[in-house]
Every structure is written in structure tokens, then in C-alpha cells.
Amino acid sequence: MMINKTLFLTYVYLFIYILLSSGVILYNKWVLSPKYFNFPLPITLTMIHMAFSGAVAFFLVRVFKIVTPVKMTFEIYATCVVPISAFFASSLWFGNTAYLHISVAFIQMLKALMPVATFIMAVLCGIDKARCDVFLNMLLVSVGVVISSYGEIHFNIVGTVYQVTGIFAEALRLVLTQVLLQKKGLTLNPITSLYYIAPCSFVFLFVPWYLLEKPVMEVSQIQFNFWIFFSNAICALALNFSIFLVIGRTGAVTIRVAGVLKDWILIALSTVIFPESTITGLNIVGYAIALCGVVMYNYIKVKDVRASQLPVESIPDRITKDWKFEKKSSDIYVPDNIGDNEGSSGGLVTVLTNQYKTFWHALILLRRLLRNL
């Protein structure tokens with residue numbers, strides 16, 4: 001069966017996203033790990049990424065004028081861009097620091113907590129309501145991560161705290177982006193996002209770098225290879241562009257399903273590239289439980305938007321329509337407009353039934369994606 005051009009390009013973008021995302025994570029681990037390149041300065045590495053991304057964005061916006069900058073006032077910059085940049089810098093800083101203490105595989109397992117963190121921050125910020133079905137999903141994810149952590153052979157509390165803190169910082173950044181930027185009607189494309197956010201993030205990182213890593217660099221023999229860091233920065237920049245490309249062409253559901261596939265691939269690759277990364281059976285069981293909650297959560301975020309079921313069609317046509325639908329949604333989650341009585345109308349039986357239906361439909365979506373790859 002022939003695959004049309006739209007689907008083919010979508011698969012290409014998804015493949016590039018998975019390749020770059022996995023590559024950047026493994027590359028960062030290799031650079032930072034004392035057992036390999038031995039550059040144990042995560043803040044410095046993050047600042048290199050921000051400086052390079054900001055410089056490239058500046059040339060694209062101001063010199064080559066490929067894109068036009070948005071109307072950015074001082075008030076919007078101070079109240080929107082600055083706090084978003086602060087949490088963006090924090091998430092990168094804490095996430096990269098975790099590579100010094102825990103394995104790539106365990107980091108990917110901990111990242112299953114992202115929906116939990118996003119839901120908590122959204123409720124605290126008042127843009128979402130506590131719902132029974134979502135709460136059960138969050139509980140399932142949390143239990144899975146706890147089981148996976150219990151099964152981790154080389155468990156390190158410091159690395160775990162760094163990674164979980166980075167996850168919550170990233171979740172708060174996503175929520176703030178919706179609350180601050182979208183409510184002001186400000187839309188940033190990949191280039192303008194880096195143009196405004198990267199320099200500000202660099203400034204935020206300078207303070208902890210000056211206090212924590214500058215003294216270490218003065219007394220330690222830290223090797224610096226220009227081509228290593230240049231290629232690493234290019235990969236990080238390309239990943240940022242690929243994420244926005246995939247979101248713009250597909251949508252939140254598809255990129256999250258692709259993210260699940262990427263996580264499994266990355267966990268398997270990390271055990272081959274970094275032999276010290278050991279995966280236990282309890283790790284896999286816990287992560288599988290967490291992924292069940294993540295899959296159900298991802299489906300819940302879009303099922304309420306669908307007005308009715310699509311008619312039975314051929315798989316390529318159905319997926320094409322699914323992607324057209326998803327392009328109307330945002331990767332940063334849209335708050336629900338459903339009343340508080342939804343969870344109580346059918347009782348616990350209704351909630352559990354909805355959970356089963358949600359999980360089943362999510363598995364069907366994943367199967368369709370894998371079948372057409």
C-alpha cells in the first residue's frame with residue numbers, strides 16, 4: 001500500500017526527532033561522565049548550548065532576516081520571558097547534572113514523572129482541575145516509578161533529586177508558557193523562542209556557574225576540545241528545531257507516542273554504549289507500569305476534545321485525519337473545560353471503565369504508528 005507524501009514526511013520528521021533526541025542524551029552523558037570524556041561541568045555545557053543557540057538565532061533574525069521578531073515590549077519580556085527562561089535554564093542545569101550520578105536508562109525511567117509534574121503544576125496554577133480519572137493515572141505513574149527506583153542497582157539519591165527537580169522545573173516552564181505567553185497572544189516559533197529565551201537563560205546560568213564551576217575550572221585540569229563541544233551544541237540546536245517541526249506537523253499525541261518509543265530505544269542503547277548501566281527485571285516492570293499511566297494520560301488530554309468518533313477507514317487515511325486533528329492541539333497542554341461533576345456521575349466503576357477504554361484506544365494509536373513505520 002502506497003504511503004502518501006504527507007505521511008512519508010511525517011515519518012521522516014519523527015525518525016529525525018527520535019535520532020536527535022537519543023543522540024543528544026547519549027552525547028551529553030559521554031561528555032559529562034568521568035569515565036569517558038570527563039567534563040563534569042554540566043552548567044558550563046548548558047551555557048555553551050545556550051550561547052550557541054542564541055548566536056544562531058540572532059543571525060537568523062537580525063542578520064539574515066529569515067524570520068521577523070515578535071512585538072516584544074519590556075513588560076512582556078520582564079513578566080513572561082524572564083521567568084520562563086529561568087525555569088528553562090533550571091531544568092537543563094538539573095537534568096544535565098543528573099548524568100554525573102545516575103545512568104541514562106534510569107533517567108529515562110524517571111522522566112515518566114513528567115505528566116505527574118505537569119498536572120500538579122497546572123492544578124496549583126489554577127489552569128486545570130483535579131479529576132479522579134487523571135489522579136488515578138498519576139497514581140499509576142508514581143507507583144511505577146517508585147517500583148523502578150526500588151529495582152535500580154546503582155540508585156543514587158543525589159542524582160535522583162537532581163533529575164526530579166529538573167522535571168518539575170520543566171513542568172513549571174510549560175505551564176508558565178501557557179499562562180503567560182498564550183494569554184497575551186504571543187506566539188514564538190523555534191527561532192524566535194531561542195532568540196529571546198536562550199540569552200536570558202545564559203544569564204541565569206552565569207550565577208551558579210560563577211559560584212560552583214568557575215572555582216573548579218581554575219584548579220582542575222579540564223580538557224576542552226572545540227570540535228566535541230561544537231558538534232554537541234549543533235546536535236542540541238537541531239533537536240530544538242526538530243521538536244517544533246514534529247509538533248507543528250503532527251501534534252501532541254503523536255510526539256508523545258514517538259517519545260515512548262524513543263525512551264525504549266534509548267534505554268536499550270544506553271546499556272550497550274555504557275556497560276555500567278544495568279537494567280533489572282524490577283526496573284522494566286516498574287517502567288512498564290508507569291508507561292501505562294503515561295499512555296492513558298496522553299489519550300485523556302485529547303479525548304475530551306473529540307466531538308465524535310471518526311468513521312471506519314483505511315489506516316493511512318485514518319492516521320492522516322488523526323494528525324490533521326492533532327495539528328489543532330498544542331504540545332503545551334490545553335486545560336479542560338469539563339465540570340467537576342464528571343468524575344462523580346458514574347462513580348468508581350465509570351472511572352475504571354473509562355481508564356480501560358483510554359488505555360485500549362491509546363494502544364490502538366501506538367499500533368497504527370508502529371505498523372506504518
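Please read these numbers as outputs of a predicted model, since none were measured by experiment. Basis for what follows: all heavy atoms, side chains included, without hydrogens, waters or symmetry-related copies.
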Any donor-acceptor pair under 3.5 Å linking the side chain of [X] with the backbone of [Y]?
X: Ser201; Y: Ser85; answer: yes
X: Gln163; Y: Leu110; answer: no
X: Lys29; Y: Tyr99; answer: yes
X: Ser21; Y: Ile18; answer: no
X: Tyr196; Y: Val70; answer: yes
X: Ser148; Y: Gly144; answer: no
X: Asn232; Y: Ile228; answer: no
X: Gln108; Y: Leu266; answer: no
X: Ser270; Y: Ile267; answer: yes
X: Ser91; Y: Phe88; answer: yes

Decide if atom [atom1] of [X] counts as having more than 12 heavy atoms of other residues, nucleotides or ligands within a radius under 6.0 Å.
X: Phe224; atom1: CZ; result: yes
X: Tyr36; atom1: OH; result: yes
X: Tyr77; atom1: OH; result: yes
X: Phe155; atom1: CZ; result: yes
X: Phe52; atom1: CZ; result: yes

Mind telling me whether [Y] and [X] have parallel, tilted or perpendicular rings, with 30° and 60° as the class edges?
X: His101; Y: Tyr162; result: parallel
X: Tyr195; Y: Phe58; result: parallel
X: Phe230; Y: Phe226; result: parallel

Looking at [atom1] of [X] and [atom2] of [Y], how far apart are the two atoms once the value is rounded to the nearest 0.5 Å?
X: Leu194; Y: Leu60; atom1: CG; atom2: CG; result: 9.5 Å
X: Trp264; Y: Leu291; atom1: CH2; atom2: CG; result: 5.5 Å
X: His154; Y: Thr280; atom1: NE2; atom2: OG1; result: 10.0 Å
X: Leu20; Y: Phe15; atom1: CG; atom2: CZ; result: 9.5 Å
X: Trp227; Y: Ile234; atom1: CH2; atom2: CD1; result: 8.5 Å
X: Tyr287; Y: Leu282; atom1: OH; atom2: CG; result: 15.5 Å

ask   = With side chains defined as the heavy atoms from C-beta onward, is the minimum distance between Val161 and Ile157 less than 4.5 Å?
value =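 The answer is yes; the side chains approach within 4.5 Å.
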With the side chain counted from C-beta on, respond yes when Phe274 and Leu26 share a heavy-atom pair under 4.5 Å apart, and no when they do not.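 Side chain of Phe274 against side chain of Leu26, heavy atoms only: contact under 4.5 Å found.
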Quick check: closest heavy atoms across [X] and [Y], and the distance to 0.1 Å?
X: Lys262; Y: Ile25; value: NZ-CD1, 4.4 Å
X: Met217; Y: Trp209; value: SD-NE1, 3.6 Å
X: Ala112; Y: Val141; value: O-CG1, 3.1 Å
X: Pro115; Y: Val294; value: CG-CG2, 4.1 Å

